[in-house]
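This report concerns only the one structure given below.
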There are 2 protein chains.
Amino acid sequence: MNLSPRPSDATMLAHDRVYRRLRTRIMHGDLPPGHPLTLRGIGTEYGVSMTPAREAVRRLAAEGALTMSTSGRISTPALSNDRIEELAALRALIEVELASRALPRAHLALIERLQSINASVGEAVAQRDAVAYIRTNLEFHRTLYLRAQAPAMLAMAETVWLQMGPTMRALYGRLRRTEAPQFHRLIIAALRAGDEPGLRLAVRSDVTQGLRMLVG
Amino acid sequence: MNLSPRPSDATMLAHDRVYRRLRTRIMHGDLPPGHPLTLRGIGTEYGVSMTPAREAVRRLAAEGALTMSTSGRISTPALSNDRIEELAALRALIEVELASRALPRAHLALIERLQSINASVGEAVAQRDAVAYIRTNLEFHRTLYLRAQAPAMLAMAETVWLQMGPTMRALYGRLRRTEAPQFHRLIIAALRAGDEPGLRLAVRSDVTQGLRMLVG
DNA sequence: GCAGCCCGCTTGTGATCACAAACCCCACAT
DNA sequence: ATGTGGGGTTTGTGATCACAAGCGGGCTGC
């Protein structure tokens, strides 16, 4: 029997701690595109040696959250417009499916929670806080998709978010909006009505709206 | 100016060599599901120390090609039926999109090459060679999808293939078929006719056929 | 015969080090 | 002013080692 004396906190493995903290920072847009990182710098920052730093970086690079030049230099990805269009298309494909699978399981408590999160999104927008906006926006989507009971699909969607993190920050950083996202309200309305085609359209619109701002 | 004295062969980095060779073996179904691996064993096999072996394993684990138990033991993934269904659905979503994007760029030379590869698939089936079947089958799909000019989507599709590699081997290993895949011919016919709905249906059918064998 | 325990060996983890390559910056020349 | 060369310095890579945890096999006791 495993008594698990410290069940609350996470794994004590150093590389995993470094990985999770770096991943969160990247996904939330804490780092701008092309931002350089060093193994020794990461190690110093998180109080570990180069070895776990290297493993965390390697893992993030495998997920597309970091890029490594031919000489091994580490930086956050600076995406081309074509790459952004692709990633947006992937988001549309995967997240529409996730939303569709979540719809039959979406009960009232979930919908109310989504509304609460969406209020936080509105606050972040009002305060011009790009990182808070990205974080709460992703929390909105993840909360919905968790109901789909499709962990592999959710992992894929999060991988796409991760790749877009730095770019999203740059994108929303130069955007000056004042109103909360309109499509979130459409998503919530479609969930209430059990309207699957409407839900698919609303999710697709929400996911690709950022693209239009950039390319258009 | 970079003269690049040895442009033909690949990177000389040890961890990358180990990664690529392991990845190929896993994707082609060389290893059965749940097969255990050790860092020291991998290092000995490829003539490197534990360090590059660890990096290769970490990278493959990030892509879902290997799983690590809570105690760090390494093995190929043994997928549940739910997980298989999810991965098949992901293949359907992504690969249908890739085929659709490849369609307008598919000229005659590509179609003839697909027919040639499909002949190899038929040979592999006739010879009951599961690994050769998986390899040529994936080559068929990758050749088509390369025309889509969508590297991020292709990478996602390959990640799914990677996760299913060991399971596919177990699947086709117990399958006793004698005829070449019917849906490949439908794909080729749809490409010739420029029939996009037909192509989407054919790709979706081809991708999900294996699922029906397993679950049904 | 069988369940439970214990010890030894295998395994992953993280730190440290030597090394080679790339980068950066500044001086120098045009 | 601008391009070019060089050298110190930073950086990633891979090997090696100490260590702790876990798995497994064999023994003991019932």
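In what follows, chains are A, B, ... by sequence order, proteins preceding strands, each numbered from 1. Every heavy atom of this structure was used, including side-chain atoms; hydrogens, water molecules and symmetry mates were not.
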Closest nucleotide among D/dG12, D/dG14, C/dG14 to the A/Ser49 side chain: C/dG14
Closest listed nucleotide, where the reference is the side chain of B/Ser71 and the choices are C/dG14, D/dC23, D/dT13: D/dC23
For [X] and [N], give me the distance from atom [atom1] to atom [atom2], rounded to whole Å.
X: A/Ile74; N: C/dA22; atom1: CD1; atom2: C1'; result: 14 Å
X: B/Met50; N: D/dC19; atom1: CE; atom2: P; result: 15 Å
X: B/Met68; N: D/dG22; atom1: CE; atom2: P; result: 14 Å
X: B/Glu55; N: D/dG14; atom1: CD; atom2: C1'; result: 8 Å
X: A/Arg59; N: C/dG12; atom1: CZ; atom2: P; result: 16 Å
X: A/Arg40; N: C/dA15; atom1: CZ; atom2: C1'; result: 13 Å
X: B/Leu13; N: C/dC19; atom1: CG; atom2: P; result: 19 Å
X: A/Leu39; N: C/dG14; atom1: CG; atom2: C1'; result: 14 Å

Could a donor-acceptor pair under 3.5 angstrom be found where the side chain of [X] meets the base of [N]?
X: A/Arg73; N: D/dG12; answer: no
X: A/Thr51; N: C/dA15; answer: yes
X: A/Arg54; N: D/dG12; answer: no

Earlier contact from the 5' end, DNA chain D, for A/Leu37 and B/Gly47: A/Leu37
Residue that, paired with B/Tyr145, satisfies side-chain hydrogen bond (donor to acceptor under 3.5 Å, both in side chains) out of B/Glu95, B/Glu158, B/Glu97: B/Glu95
Test your reading of the model: is there a side-chain donor-acceptor pair from [X] to the backbone of [Y], 3.5 Å cut-off?
X: A/His107; Y: A/Arg105; answer: yes
X: B/Glu55; Y: B/His15; answer: no
X: A/Thr76; Y: A/Gly34; answer: yes

Contact summary for A/Leu98 and A/Ala148, nearest pair of heavy atoms: O-CB, 3.4 Å
N/O (side chain, A/Arg58) to phosphate O (OP1/OP2, D/dT13) under 4.0 Å: yes
